[in-house]
Each structure stands twice: as C-alpha cells, then as structure tokens.
Amino acid sequence: MNPVEIIKQKRNGIPLGREQIKYFIEGYLKGSVTDYQMSAFLMAVYFRNMNEDETFFLTEIMLESGLTLDLSHIDKPKVDKHSTGGVGDKTSIILAPLAASCGIAVPMISGRGLGHTGGTLDKLESIPGFNVNYPVKDFKRILEKAGLVMLGQTSELAPADKRIYALRDVTATVECIPLITSSIMSKKLAEGADAFVFDVKIGIGSNLPDKDESLQLAKKLISVSKKFGKKAVAVLTDMEQPLGMKIGNWLEIEECIEVMNGKMVPDLFKLNNVLAGAMLYLGGAAGSIEEGEKVALHKLSDKSAYKKFLEMVEIQNGDVNYVKDWANLKRAEFSKQITAEENGFISEMNASDFGYAAIELGCGRKKTDDKIDYLAGIILHKKTGNEIKKGDVICEIFSGKEERLGPSEKRLKGAVKISEKKPAAIPLIIDILY
Ligand code: URA
C-alpha cells in the first residue's frame, strides 16, 4: 500500500477498506505517513465524508492504537461525559467531581482546544502544576483513590487521537462527523467506562454549525457506543452563544469554582445539572435524569463537588493554594472593555466569533506548538436577550500581550448584534436522545 494512493482514493470519493485505514493510521504513528500526508487525508475525509463502515473502522483502529483499560475491579458504576465542543463550555470541570461525589467513578480522557472551541486539558493546565499525562497505572490509582481522574490522550491511551487531534486543530478539519465520532469514541472506549453522556452542541459555535449534522452526530455517537456494548445518552444543547459568563482557560476554571461555591450562572448551572442527572441515571444511581438532577443538586449545594475537585487537584499535582485563592482575582496584564454603540436588546452573541476572538487573545493555538496564555480570555457582562444602553459594557477582554487586544476587539464588534425588540429566548436543552 502507498499513502498517496489512499489519499487519492479518499479524495476521489471511493470508500476505504479497513486494511487501508489501518495502514494509514498505523503508518502515521510509526512515522512512515507524514504530517502533511495526514493533513491531506483529513481534508479529503472532510470533503468526501466516510460511510458507516469506514467510520466504525477508523474508530476501532484509533482505539486499537493504544490500550483499552479494564476497570472491572472498581466496584462502582463507571460513567463519563464528553462534549462535542463549544465556547465557554466548561461543564466537565464541575461535572466530573460532582458525579464522583455522588458515587460514580469518572475516568475522563479529554482534549485540548480544537478549532475555535476550548479544551478541558488546557483549562486544567491553567492550574500551576496540574498534570494531565499520567501513565496507565497512575490513571487507575488516581481513579481508585479519588473516584475520578481527568487526563489527556497519551502514548498509551488513544495515541492516534492525540496526534490527529492536534493536527485537526490547525488544519481546519474539525467540522466533520466521522472525524469527531472517531476522535471522541476512541478516547471514551479506551478509558474503560460502562456508559457515556454526550453533550452534543448545536448552533453556530459548535463544531458542526449545521443542525441536522449535529443530530446525525448525536445518533452516531449513540450507535457506535452501543456497537461496543456501552450505554449512552446524548443531550442536545444550545451553542449559539457562549456558555456561562467567562471564556478562557483560567477564567473558566474560576467560573466553575464560583459555581461549586454557590454562585448562580443560570445556563452553566442548568446544563451541568442535566448532564449530572444523566450520568447518575446511566450509572444506576437514579431512576431518571430528573431524579439524578435532584441528587446532584444536593451534592453541589453542600460543596461536596468542590471538596472533590480540590482532592483531584491535589492528587494530580496541581497547586491547591492557587485554586483556593480564586477569589483573589488573577487577571492578564492588559484588558479592554467592549461597549454597546446603541440602545436595544442583544439579539446575537456569535459563539464562533467569541471562540476565535479568544484565540486572538492567546487562549488557543494557531500552530501546533503555540504557547497558551492561561490568563487570557473574555468576561461577558451581558448575554443574548439582555437589554443594553449605548456605552454599557458588553464584555471585557484580557491578554498578556497588549497587541492582541485590537484583533480580538474587531472580531467581537462583529459578533454582537443589537435589535430594537427583545429576541425570543433560545432553549438551552434542545432534546435528549437515548
Ligand atoms: N471532542 C473531541 O474529543 N474530538 C472532536 O473531534 C470534537 C470534540
């Protein structure tokens, strides 16, 4: 086989067989297929798509590129959640400790920033010292001890996704159902959970702005889970505007800590509870999602989730004092307020533009080796539907480099629309599929 022929076959829209996909993925990991060939392959898949069989083979081969954990010795339901990617989408940081404090074991392998969407690993690494790269024996040890572990893909677990994910981030090949499915499922299946909750984002700020495609993705995530003998629920949720009030790595950790300490951030709070309810339901700790929500709410309110979060930070080598000192606000050196130019109601806050504006500030990468500015980000003062007067602050932007503020401001000016009439409210939870 020859990598060029495989790329050409995919480019010409002829489906690939299992052996060809295996040859290509394994070759990439061994070094006989180069980054530029993988980039061309990903772009060919982006334009030509993959059929059901190809998507399944790709998932299976990416899974087989590393170990699949056996967690059967852990005497708890093992449930994880994964989002298809959004802006300000930080629920994993609250949800994993919350579910763990409700008796669910949470073996979570997450990703970094992808395209314009943020990544849990980058957020966790904004806590000085926090390690997301433990070997498998430590993955199990942390999970057994704390009831949760939050790591990245490693050379042992989902290595193919680790490499391909980083390349997709900077080659405009994120928005593609088979690539998203295989990326998510290879990580989730490797970590050894029994059941998965998928938060499938719908809207302009998701990784699949087309609503029908998001629905197809939700169905595919459920069907691939079932093929591998796992239970799954997909919650379809709005991503027209950013989630919560903060975007950026440390800023999002800060917002999660605020919520775990009783602050009400309505959309983040609601979504977190529904996803927690679904995790408890799948884990058998509640008879329905609604019942699970009630149990989770109690554990959030009595600060069990926050205590569990601190326990995880400590065990994963993060600086607990830095976290506990959250109320002593940590901000990037340079900032600017973005204000309204007219009176009215905010009718749109384009989540995709907010994501790209955050990357301009230093929250994400434009090249694979770009360094992240952990304190960079955006604080929203208003959300869609809010009334606003000329001169009111819509949001505030932060960066460690002053020259980054201008390009971000420019992007945000086009991202916010103001109308005379109050727009209809956008539902946050659009549907739940089993
Ligand atoms: N999350 C992932 O892990 N992979 C994707 O491709 C999109 C979201």
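Excluded from the calculations below are hydrogen atoms, water molecules and symmetry mates; all remaining heavy atoms, backbone and side chain alike, are included. All residue numbers refer to positions in the sequence shown, counting from 1. Whatever order the structure lists ligands and atoms in, that order sets their numbers, starting from 1.
Interface atoms of ligand 1 facing Lys187, defined by a heavy-atom separation under 4.0 Å, are 2 (C), 3 (O), 4 (N). Numbered from 1 in the order shown, with element, the atoms of ligand 1 that lie under 4.0 Å from a heavy atom of Ile180 read 5 (C), 6 (O), 7 (C).
Contacts between Leu114 and ligand 1 below 4.0 angstrom, taking non-hydrogen atoms only, involve the side chain exclusively.
A ring-centre distance under 6.0 Å is found for Tyr322 and Trp250.
Looking at heavy atoms from C-beta onward, Asn350 lies out of side-chain contact with Tyr356 at the 4.5 angstrom threshold. Using a 4.5 Å heavy-atom cutoff, the side chains of Arg168 and Ile180 are in contact.
A salt bridge links Glu409 with Lys413: at least one charged nitrogen is closer than 4.0 Å to a carboxylate oxygen. We find that Arg365 and Asp122 are joined by a salt bridge, their nearest charged nitrogen and carboxylate oxygen being less than 4.0 Å apart.
Polar contact check, Thr84 against ligand 1: no nitrogen or oxygen pair lies under 3.5 Å apart. Between Tyr165 and ligand 1, no N or O atom pair is found at a separation short of 3.5 Å.
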Checklist entry - When you look at Tyr28 and Tyr23, which way does the ring-ring contact (aromatic ring centres under 6.0 Å, His included) test go after all the steps? => result CA-CA 8 Å; Tyr28 183 54; Tyr23 171 87; over 10 Å; no
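For atom 1 (N) of ligand 1, the closest non-hydrogen atom of the protein is His82 NE2, 3.2 Å. Of the protein's non-hydrogen atoms, Ser183 OG, 2.6 Å is the one closest to atom 4 (N) of ligand 1.
In this structure, Ser83 is part of the shell of residues with a heavy atom less than 4.0 angstrom from ligand 1.
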